[in-house]
Amino acid sequence: MSIEQQLTKEFKHDSRRSPEGLNNRITAEYRQQMMQQRGVSFMSRKRKKSVYLLTALIVVMLCGFGYAGSRLLYSYEGKLSVSNRTEQQLQFKQEDVAAIRGELKKVQEQLKPGESAVVYLRDFDLTVGETPIIYGINNPVKVPAEEWRTLLQQQGVQEKLPDNLLGTYSLEEGMEASPFQVALGIGADSIFDELKTEGTASGSEMLWRLTDTANDFMDTYTSVYRNASNDTIYVTWQIAGEDVNPAILQLSPPGITAEDAAIGGLTAHYLKNDQSLFGQSSIHQDVTWISEAGNQGIAYHVQTDSAVVTKEQLIKAAESLVQK
């Protein structure tokens, strides 16, 4: 049974509330709010059920699986389950991508380190089905390399952290967040509704408001590597707690490049998207895979927003992290 079939079956088992185990999984995903590659989150308006399912791009209601015209990019089932499909409605024009990136950047520049915000954009007030897209942005606290190593040790993170990648990219800093996955608090949907109401009344093109971050159920750590030309590779670990089994349903733009890649005996997935709303450019590349150890499920991302970094280089960097 596929992830989608399993989740739909579990949800329909009791239409008044989600099963306890499923609710834990979805709560973990909602609190994490990964808005990878596009940087948008998709929030249900049926809040009484409080049932959300995270995506790398948006959060999707369980009761409305509609995949007409979509294609499955990859799927993994285990302690941390992930399924990625394309969605035609997530295709923006390049000029729209540039406009949205510009507005989000304006907000980010006003945030203090560690703050996150919900952003309302009048000209890009979009919905998928009946559910609105919620834009969010963060300004992660950046920790210098040596302090970052100490912090990871204190947190009990045992993942491989080399001094450099590809021989020329040196570890510069780290953050307990991701520049491509934004974690928004549980009140983000209410804040968005308030901003939209205010924007409709005032005619404002852009409004924003601070919101809580949410990392209660999935810890995120990003190590940042740069070379002399300031090109950047980001290594992100998303670690699911022992008491939850997150299920991640990802929806991607139809034009995304998706290929399998073998790294150290593992099956990884290479994604390239030219509509990223975060990072130094709209081109985002990611080599991602899932690993399980004991009661933990870990999603790995080796990412870049530097156009000069090739697919082969990114895969090579990922391979170095799984080599014994």
Spatial distance of atom NE2 (H269) from atom CG (L266) [nearest 0.5 Å]: 10.0 Å
Do we get K196 above Y120's six-membered ring, with its NZ or CZ under 6.0 Å from the centre and within 45° of the axis? no
May I ask you to decide whether K272 forms a salt bridge with E259, counting only side-chain N to carboxylate O separations under 4.0 Å? no
Looking at R226 and D231, is there a salt bridge between them, counting it only when a charged N and a carboxylate O are closer than 4.0 Å? no
Atom CD1 of I283 and atom CG of D305: how far apart are they, to the nearest 0.5 Å? 10.0 Å
Taking the side chain as C-beta and beyond, is there a heavy-atom pair between W208 and E103 under 4.5 Å? no
Mind checking the CD-CD spacing from Q158 to Q296? Nearest 0.5 Å is all I need. 8.5 Å
Y221-Q238 side chain donor-acceptor pair, cut-off 3.5 Å: no
Min side-chain heavy-atom separation N138-F278 under 4.5 Å: no
Heavy-atom check, side chain of I256 versus side chain of N273, under 4.5 Å: yes
Return the CD to CD1 distance between Q285 and I315, rounded to the nearest 0.5 Å. 9.5 Å
Lys/Arg N to Asp/Glu carboxylate O, E176 vs K142, below 4.0 Å: no
Once you round to the nearest 0.5 Å, how far does CG of D125 lie from CD of E205? 13.0 Å
Aromatic centroids of F180 and H284 separated by under 6.0 Å: yes
Can you tell me which residue pairs pass the ring pair (Phe, Tyr, Trp, His ring centres under 6.0 Å) test with a partner in residues 139-164, sequence neighbours excluded? none
Rounded to the nearest 0.5 Å, the OG atom of S282 sits from the CG atom of L277 at a distance of 9.0 Å
Decide, yes or no, whether a salt bridge links E115 with K112 under the criterion of side-chain N to carboxylate O below 4.0 Å. no
Residues, nucleotides or ligands: over 12 heavy atoms within 6.0 Å of E312 CD: yes
Aromatic rings F124 and F92: how do their planes relate, parallel, tilted or perpendicular, breaks at 30° and 60°? perpendicular
Are any side-chain N or O atoms of S204 and backbone N or O atoms of L207, one a donor and one an acceptor, separated by less than 3.5 Å? no
Polar side chain donor-acceptor pair, Y225 to E172, under 3.5 angstrom: no
Donor-acceptor pair between S252 and N84 side chains, under 3.5 angstrom: yes
Heavy-atom donor-acceptor pair, R101 side chain to G279 backbone, under 3.5 Å: yes
Are the side chains of Y234 and P179 in touch, meaning some heavy atoms are under 4.5 Å apart? yes
